[in-house]
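Worksheet: one structure, shown below.
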Amino acid sequence: MKLPKVCQILGEYVAFDFEWDNTTHIMLAASFVNNLGSKKVYLNSHSEIALLENIKAELLEYSWSIGWNSNTSFENNNNGGTSNGGNLNDIANDNFIADDVQCDLGVLYERCETNGIDNIIFKSQKGSRAYYSIPGLYHIDLYQVYNKQMVQNTIYNRAYRTHKLDDVSKALLRHGKFKGLGGKDFLKLSIKDRKKYSLRDSELVMELSKHSNFEVLDAMLAISEITGLDFERVCRTNLTTWWGVLFDQMIQNGECPEPFNTFDRESVKYKGALVLDPKQGLYHNTVVVDAASLYPTVSIHSNLSFDTVNCKCCKNNSRAKVKLNDTFFKGCKFISKNKCWICQKREGAFPKKLKIFRHERLQQKKLGNGAKQLALKILINGGYGVFGHTKFSYYNPMVAELVTTYGRYTLTKMQDIAKKLGFHIIYGDTDSLFLNNPPSKITLSKFQKLCKEKLDIENEEKNTYNTLILSAGKKHYIGYENGLVAIVGYEGKKNDRCEFVKETFNGLINSIIKNNTNPIPALEKAMYTLESGKVDPKLLKKSIRLGQNPKDYKSQTCQAAKIGRAVGAKKGELVEYFDSNIKKTGRSWSKNYRHIDISKYKQSLWNSVSEVLEITKYPVNELAEKFDVRTIKRKNNNDGHVMQNLPAV
DNA sequence: CGATACTGCTTACCT
DNA sequence: ACAGGTAAGCAGTATCGC
């Protein structure tokens with residue numbers, strides 16, 4: 001395999017990980033793994049100072065080092081719930097609770113200061129955030145790279161749920177921390193195991209940096225080349241920074257003017273995509289067509305940019321008016337029919353860049369430069385969203401809302417074209433149409449041709465489902481194509497549901513859609529096993545990811561806040577629990593498997609499977625009675641759609 | 001009084 | 001420190017029928 005470009009930059013580099021005492025912050029251990037395989041562990045066996053000196057000496061050996069959660073700490077200075085910026089008086093106060101998140105270099109800095117020895121770390125503070133660096137040397141906090149939204153979505157397809165080293169490693173490398181232990185267990189280990197534990201973390205960081213032939217770091221380097229930002233800086237910044245400097249440069253080069261519209265930065269939501277009402281049912285032979293990169297395309301077609309929308313020069317030019325039907329402005333927050341126009345004299349900075357990036361991406365694909373094309377994809381796909389982000393220096397919700405509005409217009413026109421050709425549209429979301437029983441392959445290519453001619457939109461045939469179960473609710477369907485079952489949106493794949501429900505749901509779907517067998521016996525068995533209490537509690541464990549620190553929740557009564565508080569979990573962590581009966585245990589949840597409330601699990605299982613059974617014509621009312629569960633009312637927006645092709649069961 | 005409907009908050013998902 | 005649209009679950013509260 002070709003050695004990626006980023007390896008030339010990094011040269012010989014080291015991954016490290018430190019262990020420290022949670023309350024005193026006394027350094028306990030440090031491990032170092034370099035990219036050539038050399039491994040070292042230092043323990044605090046007789047003196048912390050000796051350990052600190054070893055750490056410093058080791059770090060100074062390399063011009064590049066990488067860590068996990070290693071260079072940024074957040075001080076959550078909450079004293080009795082009121083945040084006051086955490087001034088020194090508070091820290092001196094004995095009652096002050098520093099609920100802070102520490103990083104490796106921060107602890108190293110702090111311990112060197114406390115022990116009164118030379119410090120090689122430089123600390124800079126910005127509000128509640130402290131950033132640590134080693135002057136003269138480069139460092140990458142890999143956590144910040146894997147934490148990026150666009151890395152998770154574009155590269156890893158949401159493979160990891162939390163951003164902890166253990167979770168990311170398990171998802172990508174298929175193995176996690178030493179014996180699955182956490183930092184709290186460290187001092188309980190034998191000396192030998194402490195070494196292994198510490199070393200494992202550095203090994204994982206090193207492996208993640210190399211994962212998939214340096215895929216992520218190489219893409220970050222490519223973004224650094226495209227934007228001109230330092231590689232190190234790209235690793236710790238995001239889309240708003242990248243698009244920001246791209247536009248800054250264009251202004252400096254005289255390629256575009258400065259923004260002339262200003263907006264309140266009060267994050268008012270603007271109108272987004274069009275989602276069609278699904279026609280609930282079971283279908284055979286459905287084609288899904290998909291408008292290729294809709295938002296970048298409409299941005300280019302309609303010249304949408306911060307320097308073209310409501311420009312100074314075309315205010316009275318009737319040709320500049322946005323010529324869309326009134327209905328497309330309905331519900332819009334920032335644009336209206338007679339109050340917005342688009343520059344006719346100049347090509348906007350955003351479409352200009354998008355065109356260059358698109359062209360460049362094609363070239364790089366041909367050259368086999370995976371990293372560069374990935375970097376360009378990230379920039380192209382993330383370009384529209386930044387205009388709707390209040391912290392973006394070129395924030396312009398009019399641009400964002402015009403993009404979605406032209407998107408809705410395009411999908412609407414696509415429907416018109418499809419209908420005229422005799423297609424039966426059963427669903428569609430943002431840029432896609434689900435066409436049932438397409439008249440023929442020829443009509444399909446006619447559809448594509450007309451979309452190209454009338455809308456200048458490329459339509460791809462994304463899927464051809466032999467069987468499709470379409471829910472009455474949006475964003476839920478199950479497709480079967482070439483022996484593969486795609487479960488989209490359903491509870492059977494949602495991460496906060498218990499394994500048992502997910503497994504039973506998936507089994508039932510496979511039985512119906514793939515194996516053409518009667519799913520009821522297996523469902524009956526699942527219900528019976530639940531009732532008899534014979535299900536492994538592990539399979540009934542539910543988990544939620546905390547979006548906040550427990551004390552920060554607006555709703556202090558919500559499950560996440562209550563459970564999080566009870567178990568001392570922090571933002572970003574998973575809390576696990578069982579559903580329990582509030583009348584018997586006083587709480588609707590419990591950590592104790594003996595408190596499991598079976599009827600809740602039965603209901604949850606039923607809620608997951610009942611609609612699919614209904615669509616495939618199983619007697620749901622009868623079954624609900626048999627299983628002793630409530631039938632649930634669902635909205636029905638069938639528009640009198642007549643079910644066709646009854647299941648072959 | 002208890003069941004039911006509605007609301008707000010939250011997570012997780014889709015494009 | 002890219003976006004909005006959507007379903008579903010929980011907890012609390014208003015509302016309805018008895």
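Each chain gets a letter, A, B and so on, in the order its sequence line appears, and its residues count up from 1. For the numbers below, each heavy atom of this structure counts, side chains included, while hydrogens, waters and symmetry mates do not.
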Residues within residues 227-239 of chain A bordering DNA chain C, heavy-atom distance below 4.0 Å: N238(A), L239(A)
Answer yes or no: does a side-chain N or O of [X] lie under 4.0 Å from OP1 or OP2 of [N]?
X	N	result
S588(A)	dC10(C)	no
H389(A)	dA1(C)	no
N381(A)	dC2(C)	no

Donor-acceptor under 3.5 Å (R565(A) side chain, K551(A) main chain): no
N303(A) side-chain N/O to G348(A) backbone N/O, donor-acceptor pair under 3.5 Å: yes
Collect all protein-nucleotide pairs involving nucleotides 14-18 of chain C in which both atoms are nitrogen or oxygen and the distance is under 3.5 Å.
none

Electrostatic pair K474(A):D429(A) at N-O distance under 4.0 angstrom: no
With F387(A), the ring pair (Phe, Tyr, Trp, His ring centres under 6.0 Å) member among Y295(A), F392(A), Y395(A), Y394(A): F392(A)
From Y384(A), F306(A), F357(A), residue fulfilling ring pair (Phe, Tyr, Trp, His ring centres under 6.0 Å) relative to W243(A): F357(A)
Sugar-phosphate, base or nothing in reach of Q559(A), heavy atoms under 4.0 Å: sugar-phosphate
Pairwise side-chain contact, M220(A) with E225(A), heavy-atom cut-off 4.5 Å (strictly under): no
Using a cut-off of under 3.5 Å, enumerate the N/O to N/O pairs linking the protein to nucleotides 10-15 of chain B.
from, atom 1, to, atom 2, distance (Å)
dT10(B), OP1, K554(A), N, 3.0
dT10(B), OP1, S555(A), N, 3.1
dT11(B), OP1, G547(A), N, 2.7
dT11(B), OP1, Y553(A), OH, 2.7
dA12(B), OP1, R161(A), NE, 3.4
dA12(B), OP1, R161(A), NH2, 2.7
dA12(B), OP1, R545(A), N, 3.2
dC13(B), OP1, K493(A), O, 3.3
dC13(B), OP1, N495(A), N, 2.9
dC13(B), OP1, N495(A), ND2, 3.4
dC14(B), OP1, G489(A), N, 3.0
dC14(B), OP1, K493(A), NZ, 3.1
dC14(B), O2, K475(A), NZ, 3.2
dT15(B), OP1, Y477(A), OH, 3.0
dT15(B), O3', D429(A), O, 3.3
dT15(B), O3', D431(A), OD1, 2.3
dT15(B), O3', D431(A), OD2, 3.3

